[in-house]
Amino acid sequence: MPQPKTHASAAARQAAYRKRCEQARRAALVAKGLPSLPAIASLPGWKRWNASFEAAQELIENTLDEMREYYDDRSEAWQESDRGDEHQERISTVEEALDALGSLQF
């Protein structure tokens with residue numbers, strides 16, 4: 001037995017689909033804690049972009065703290081080994097990335 005039609009036409013079905021997609025996108029933005037984009041598409045979304053940069057910066061800072069703690073928890077022999085040197089290089093790379101991210105604030 002066929003199901004009853006929910007929408008009067010294909011255009012109405014497509015409009016309902018677009019509306020659901022837009023609602024899902026807005027819900028994802030709210031879940032991330034980002035402000036919405038300006039209503040006029042030609043205006044830049046500085047607030048939203050800065051909020052996303054700040055969130056990324058906080059995440060990288062937390063990761064960097066974990067990396068430093070990991071390094072500090074290892075023995076001196078490990079810290080002086082090749083693996084310890086590689087880990088220090090990675091920490092330096094992350095610090096450089098964090099500095100570059102900090103300069104992106106508008």
Side-chain angles (χ1 to χ4, degrees):
M1 182 167 158
Q3 294 183 350
K5 291 188 175 190
T6 307
H7 303 288
S9 65
R13 184 177 65 241
Q14 184 66 25
Y17 172 75
R18 277 190 244 108
K19 185 177 179 180
R20 287 192 311 272
C21 287
E22 180 63 23
Q23 288 173 345
R25 189 183 69 77
R26 284 187 186 148
L29 289 177
V30 168
K32 291 180 182 178
L34 297 176
S36 62
L37 287 170
I40 301 171
S42 61
L43 291 176
W46 300 116
K47 284 185 177 182
R48 181 169 182 264
W49 299 336
N50 284 335
S52 67
F53 292 147
E54 289 171 8
Q57 189 170 6
E58 183 177 333
L59 181 63
I60 292 173
E61 286 173 352
N62 290 340
T63 304
L64 188 57
D65 289 341
E66 289 178 14
M67 291 174 75
R68 287 178 181 146
E69 288 176 14
Y70 178 84
Y71 181 83
D72 293 338
D73 289 344
R74 302 293 153 242
S75 66
E76 286 185 33
W78 184 90
Q79 291 177 0
E80 294 172 0
S81 70
D82 290 339
R83 294 180 80 188
D85 291 340
E86 288 175 9
H87 193 78
Q88 273 300 97
E89 289 175 12
R90 289 184 185 127
I91 288 175
S92 297
T93 303
V94 173
E95 288 171 341
E96 291 171 11
L98 188 60
D99 291 341
L101 185 60
S103 67
L104 287 175
Q105 299 294 324
F106 299 104

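Since this is a predicted model, take the numbers as computed values, not measurements.
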### Task
For Q79 and Y71, indicate whether the former's side chain and the latter's backbone hold a donor-acceptor pair under 3.5 Å.
yes
Does some side-chain heavy atom of [Y] sit less than 4.5 Å from a side-chain heavy atom of [X]?
X   : Y   : result
E95 : M67 : no
V94 : T63 : no
R68 : D65 : yes

Quick one: [atom1] on [X] to [atom2] on [Y], what's the gap to the nearest 0.5 Å?
X   : Y   : atom1 : atom2 : answer
S52 : K47 : OG    : NZ    : 14.5 Å
I91 : E86 : CD1   : CD    : 12.5 Å
L64 : E61 : CG    : CD    : 8.0 Å

### Task
Count the heavy atoms of every other residue, nucleotide or ligand shown that sit under 6.0 Å from CD of E58, and state whether that count exceeds 12.
no
### Task
Please check if atom CZ in R74 has more than 12 non-hydrogen atoms from other residues, nucleotides or ligands closer than 6.0 Å.
yes
### Query
Is the NZ or CZ atom of R13 both under 6.0 Å from the centre of the six-membered ring of Y17 and within 45° of that ring's axis?
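No - R13 does not lie over the ring of Y17 by the 6.0 Å and 45° rule.
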### Query
Looking at Q57 and L98, what are the two nearest heavy atoms and their distance?
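That closest heavy-atom pairing would be CG-CD1, 3.5 Å.
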### Message
On a heavy-atom basis, which atom in H7 and which in A16 lie closest, and how many Å separate them?
### Response
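What the structure gives for the nearest pair is CE1-CB, 3.5 Å.
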### Query
Can E22 and R18 be counted as an ion pair, charged N to O under 4.0 angstrom?
no
### Message
Which residue in the set R25, R26, K19 passes side-chain contact (heavy atoms from CB on, under 4.5 Å) when paired with Q23?
### Response
K19
